[in-house]
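In what follows, a single structure is set out as structure tokens and then discussed.
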Amino acid sequence: MHCGPFPSLRDNRGCPEQSARTPAKRLFEWRNQACQSNVHSSTNSAWAPLLLLNRYWTILGMIKVTLQSFENATQGQQSFGLSTTRYLEDMVNDPTFLGRLISVPYTRNIYFPNDKYQIEATNDDLVRVITGGLEWRAIPSGVPDNEIDLQVKLVPNEDGILGGADHPDPTIKTNPVYYNRWYEANDWLSLAGHWFHEWLHVAGFQHAYREAGVGPDFGDAVYVVGNLLVEVARERAEVQKSGVPSRLGQGYFDLYHSDESPHNGPFLDPNSMARAVAR
């Protein structure tokens with residue numbers, strides 16, 4: 001039986017040694033290691049990221065990912081979307097991803113806490129929003145629901161654009177051409193990376209404005225965090241190669257790492273709430 005690279009979200013009756021350690025249990029073990037250590041003082045920079053994560057994890061617990069709606073999808077497409085959502089839930093709870101998220105470097109991190117102004121956000125903000133599942137519309141109350149809500153719609157695009165999220169609309173649009181390509185290749189990682197990248201926009205994180213003729217800044221926080229999620233998942237998949245597609249996640253990098261990729265539209269003007277087509 002192939003348990004997959006994220007076995008806790010599969011039928012693991014044939015893999016008891018893997019299913020026993022769920023993402024939540026792994027993360028609790030990881031944070032408890034920090035809390036019980038006698039070297040985790042506030043002056044010890046090596047333990048500071050773990051203590052920051054411990055604060056959020058103690059309050060929130062395991063992060064959920066829910067596919068709230070999926071428009072224009074066939075039964076087969078819906079099934080693939082649901083399984084991808086389960087993988088994504090495991091991915092955002094991965095201790096390695098969360099540990100790196102706390103200190104990952106980026107060039108810009110434009111964040112709209114509301115519809116009045118923007119701020120340059122920090123890694124702390126990224127952790128708080130992601131672990132709390134704080135979509136932009138929920139931010140005024142400031143109450144985390146511990147759940148990343150995905151509202152997805154398959155939308156054909158004659159220009160070949162992958163899709164995107166037009167802030168403040170929470171709908172993530174995905175071109176069925178790319179969706180079907182990943183569906184047929186069982187490349188759930190590319191789809192998970194795409195949906196997570198666009199959810200970061202739904203949560204209020206935006207790309208910096210770019211002038212005409214200037215390529216996107218692939219070092220901004222939305223790109224960096226999306227890439228980090230996919231990279232960590234690929235590392236895990238490498239450990240369990242059996243049954244894993246050789247190009248797992250490659251579709252994501254092909255579309256989000258090229259200046260000529262079909263997902264790149266004009267980026268957000270930081271002085272305006274207006275959005276162009278999908279990023």
Side-chain angles (χ1 to χ4, degrees), residues 5-6 23 49 53 63 65 84-85 87-111 120-131 133 148 150 152 161-165 167 172 174-175 178-179 181-182 185 187-210 214-239 244-265 267-268 278-279:
F6 297 90
L53 180 57
I63 309 161
V65 179
T84 295
T85 302
Y87 281 131
L88 180 56
E89 182 174 283
D90 205 2
M91 291 160 64
V92 296
N93 282 282
D94 187 290
T96 301
F97 167 68
L98 292 170
R100 294 180 189 176
L101 176 64
I102 294 167
S103 58
V104 65
Y106 48 79
T107 55
R108 299 287 304 279
N109 189 1
I110 297 176
Y111 176 53
E120 280 284 346
T122 65
N123 291 74
D124 197 337
D125 293 318
L126 285 166
V127 173
R128 176 177 58 85
V129 172
I130 293 172
T131 58
I148 292 175
L150 300 177
V152 181
I161 292 175
L162 167 60
H167 184 79
I172 295 173
T174 300
N175 190 330
Y178 296 100
Y179 187 93
R181 181 181 300 172
W182 297 333
D187 189 358
W188 48 265
L189 183 51
S190 289
L191 179 61
H194 161 55
W195 281 356
F196 182 69
H197 177 112
E198 303 307 337
W199 180 84
L200 290 172
H201 292 318
V202 174
F205 295 100
Q206 306 298 335
H207 295 300
Y209 176 78
R210 60 169 180 160
V214 179
D217 181 1
F218 290 115
D220 76 27
V222 177
Y223 277 119
V224 168
V225 173
N227 295 345
L228 175 64
L229 184 82
V230 177
E231 287 166 357
V232 170
R234 291 186 82 173
E235 290 173 7
R236 290 181 61 177
E238 283 296 314
V239 175
V244 177
S246 59
R247 289 177 54 83
L248 184 68
Q250 189 58 47
Y252 172 88
F253 288 113
D254 289 345
L255 294 173
Y256 283 89
H257 274 212
S258 170
D259 207 6
E260 298 178 354
S261 65
H263 88 287
N264 287 326
F267 281 18
L268 176 70
R279 264 67 75 195

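Scope of the values below: all heavy atoms of this structure, side chains included, with no hydrogens, waters or symmetry mates. In this chain, residues are counted from 1 in sequence order.
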So do [Y] and [X] actually touch side chain to side chain, heavy atoms under 4.5 Å?
X: Leu162; Y: His197; value: no
X: Leu101; Y: Val225; value: yes
X: Trp188; Y: Leu248; value: yes
X: Leu126; Y: Phe205; value: yes
X: Asp94; Y: Arg236; value: yes
X: Asn123; Y: Val104; value: yes
X: Leu189; Y: Met91; value: yes

What's the separation between atom [atom1] in [X] and atom [atom2] in [Y], rounded to the nearest 0.5 Å?
X: Asp90; Y: Ile63; atom1: CG; atom2: CD1; answer: 11.0 Å
X: Asn175; Y: Ile161; atom1: CG; atom2: CD1; answer: 9.0 Å
X: His201; Y: Ile172; atom1: NE2; atom2: CD1; answer: 9.5 Å

Review point. In chain order, what residues pass the side-chain contact (heavy atoms from CB on, under 4.5 Å) check against Ser190, with sequence neighbours excluded?
Key: Trp182, Asp187, Tyr252
Practice item. Determine the sole option in Phe218, Tyr106, Tyr256, Tyr223 for which the ring pair (Phe, Tyr, Trp, His ring centres under 6.0 Å) test with His207 is passed. Key: Tyr223
Check your understanding: Does Trp199 have any ring pair (Phe, Tyr, Trp, His ring centres under 6.0 Å) partners at least two apart in sequence or in another chain, and if so, which?
Key -> none
Point to revise | Residue pair Leu229, Val92: steps toward the side-chain contact (heavy atoms from CB on, under 4.5 Å) verdict | key: CA-CA 7 Å; Leu229 184 82; Val92 296; 4.0 Å; yes
Point to revise | Side-chain H-bond candidate by donor/acceptor type, Thr174 with Trp195, under 3.5 Å | key: yes
Review point. Going by atom types only, do Asn93 and Glu89 share a side-chain donor-acceptor pair under 3.5 Å?
Key: no
Review point. Taking NZ, NE, NH1 and NH2 as the nitrogens, is one of them in Asp254 or Arg247 under 4.0 Å from a carboxylate oxygen of the other?
Key: yes
Exercise for review: Please determine if Asp217 and Arg108 form a salt bridge, counting it only when a charged side-chain N lies under 4.0 Å from a carboxylate O.
Suggested key: no
Exercise for review: Considering non-hydrogen atoms only, spot the tightest contact between Val230 and Gly193 and give its length.
Suggested key: CG2-CA, 3.7 Å
Review point. What pair of heavy atoms forms the shortest contact from Val224 to Gly219, and how long is it?
Key: CG2-O, 3.3 Å
Review point. Within the side chain of Gln206, is there an N or O that forms a donor-acceptor pair under 3.5 Å with the backbone of Tyr111?
Key: no
**Study point:** Criterion side-chain contact (heavy atoms from CB on, under 4.5 Å) on Ile130 and Leu200, from CA distance to verdict
**Key:** CA-CA 8 Å; Ile130 293 172; Leu200 290 172; 4.0 Å; yes
Practice item. Under the side-chain contact (heavy atoms from CB on, under 4.5 Å) rule, what do Ile148 and Leu88 come out as? Steps first, then yes or no, please. Key: CA-CA 10 Å; Ile148 292 175; Leu88 180 56; 5.6 Å; no
